[in-house]
Amino acid sequence: MITGKNYIGSQLKAGGTKILKTFNPLLNTENPWVFTEATQDEIEEAVALANQAFASYKNYSGIEKAKFLNAIADEILALGDDLLVQYCTESGYPRGRAEGERGRTIGQLKAFADMLTEGSWVQATIDTAIIDRQPAPKEDLRKMLTPLGPIVVFGSSNFPFAFSTSGGDTASALAAGCPVIVKSHSMHIGTGEMVASAIIKAAQKTNMPEGVFSNLIGDGRTLGTSLVKHPLVKGVGFTGSIKGGRALCDLAAQRPEPIPVFAEMGSINPVVLLPNALKKNSQKWATAYAGSITLGAGQFCTNPGLLLALKGEELNDFTEKLDQAIETIQPGCMLHPSIYADFNNGIAKIEEQNGVSRIAQFKGETTPNHGASTVLKVDGKEFLKNAVLHNEVFGPFSILIECENEAELIEVISKLEGQLTGTIISEENEIESHKGIIGALQNRVGRLIYNGVPTGVEVCASMLHGGPYPASSDSRYTAVGIDAVYRWVRPVSFQNWPDHLLPAELQNENPLQIVRTVNNKLTLSQI
Ligand code: NAP
């Protein structure tokens, strides 16, 4: 049952008077539930509780935190069908997507639990003392990663499970030992409340401290701003627009004590289509790209929004086939009328620029909030001159840049803003004669894909989901995979510390049996 209230730790509270409602884009009607925005007092209480919880939670063992994360996964599953129905009602996504995203979310939680159980992620590094070193003795120094403190998480519109209430940011921050306060996304507050109830139940069942998790309802500009400015908050996770992410980065930097904001924002994900690949497999790639551009109504941060190719017969053949393939795919429902309106306005704005023509658009009937998939075209020279053409259009959209030659194609890539992904479609060995393209692409992106599509982000340790700004606010970190935990920790060194007072990870006996670096060698051994 949806209560419409905030979780301040385990307490449901709604002392405020301002309300919010969510929208069912498929039915094109407002949903019935009424959600009460958190008051300033409730915000204060949630942050104070998180800060109090941090004092003990930061010392919980990996095994204890792993039990908590596994219990969250179990409680989410226990919500069963009701949760999936709520997700679909507030997002317009089909049931299959809800199931898939729930599976991914549970998989993420379990992956962090496994990481905690194994324990070596803390990067314990030990340099033992050399008392008789000349001219001065060497001290005993031991270093490991420790949690930052309470973290605020802003979920995204397009992933109500995997990048929201119990998504990667929350799972990685809780794994690190940081309490989490979620600013519930305004488009799926009911889904957020149900997932929050699962986290609270899991916290109670595994004896976590009160305040380790809170879920607050409210508008980004009031609630979100208050949270980011709060002196007890020590870090922020964000997934969404460049405008929103940048506003939060600036706000955090202006605090008396600046804090890190790990924002995953916009990306148009360039795809280079080389001529031999198009000549040999134009149908295969047209079908694959029509599918990738329209997947999830194009509402993926890895959507291939920019196709780059050399002018020629092969490209003309590919664009014809892409048009035919787009026509066969019924548009999906977008998340909200505002996102649908932004999509249409974005296309209109690009279409009115010099030299832009349309090469593919779904021409069948569409119902409200279903965006007609569109591919536009412009030549390399115009693209280089006009920054408007570089803007992301969030939805089933892509623009093809027809380049005169390889030099122009490389120049286009080097003028792009930072991107999450870059893809090369090539016949075997074809890329060997276009090595400049690889170098240019690698400079601008976080993940390089060979003969594939950028949509579909595997959750595993070797995934890098981030990239140079504005793809993310800090290209050194990933938002997906277990390495996401490193956003919420800082290293601390202990010098000449008595063994029994050290954290277990750094004690001589290596009681947790973790891999450590001792005197510059990786080892499981005791000292
Ligand atoms: P968003 O509008 O940036 O919102 C994400 C979260 O941040 C929401 O909870 C929002 O709160 C909050 N927020 C936004 N601006 C804020 C500000 N200035 N101060 C404080 N909080 C703020 O992103 P979204 O909802 O995921 O998507 C909306 C638009 O973002 C799309 O139309 C699309 O153009 C763009 N976008 C999203 C993604 C993605 O991966 N999610 C990727 C590319 C582009 P409120 O909703 O309460 O304001």
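Throughout, numbering of the chain's residues begins at 1 and tracks the sequence. Both counts, for ligands and for their atoms, begin at 1 and track the order of listing. Just so you know, these numbers come straight off a predicted model, no measurement behind them.
Looking at heavy atoms from C-beta onward, Glu193 lies out of side-chain contact with Ser184 at the 4.5 angstrom threshold.
Aromatic rings from Tyr477 and Tyr486 are positioned such that their centres are separated by 6.0 Å or more.
Among residues two or more places apart in sequence or in another chain, the side-chain hydrogen bond (donor to acceptor under 3.5 Å, both in side chains) test is passed with Thr374 by Gln361. When the side-chain hydrogen bond (donor to acceptor under 3.5 Å, both in side chains) test is applied to Asp81, the partners found at least two apart in sequence or on another chain are Arg95.
With a 6.0 Å radius and a threshold of 12 heavy atoms from other residues, nucleotides or ligands, Lys243 has its NZ atom at or below the threshold.
Among pairs with a residue in residues 209-219, none fulfils salt bridge (charged side-chain N to carboxylate O under 4.0 Å, His left out), at least two apart in sequence or across chains.
Closer than 4.0 angstrom to ligand 1 sit non-hydrogen atoms from Phe154, Gly155, Ser156, Ser157, Asn158, Lys183, His185, Ser186, Gly218, Asp219, Gly220, Arg221, Phe238, Thr239, Gly240, Ser241, Gly244, Ala247, Leu248, Cys301, Ile339, Asp342, Glu392, Phe394.
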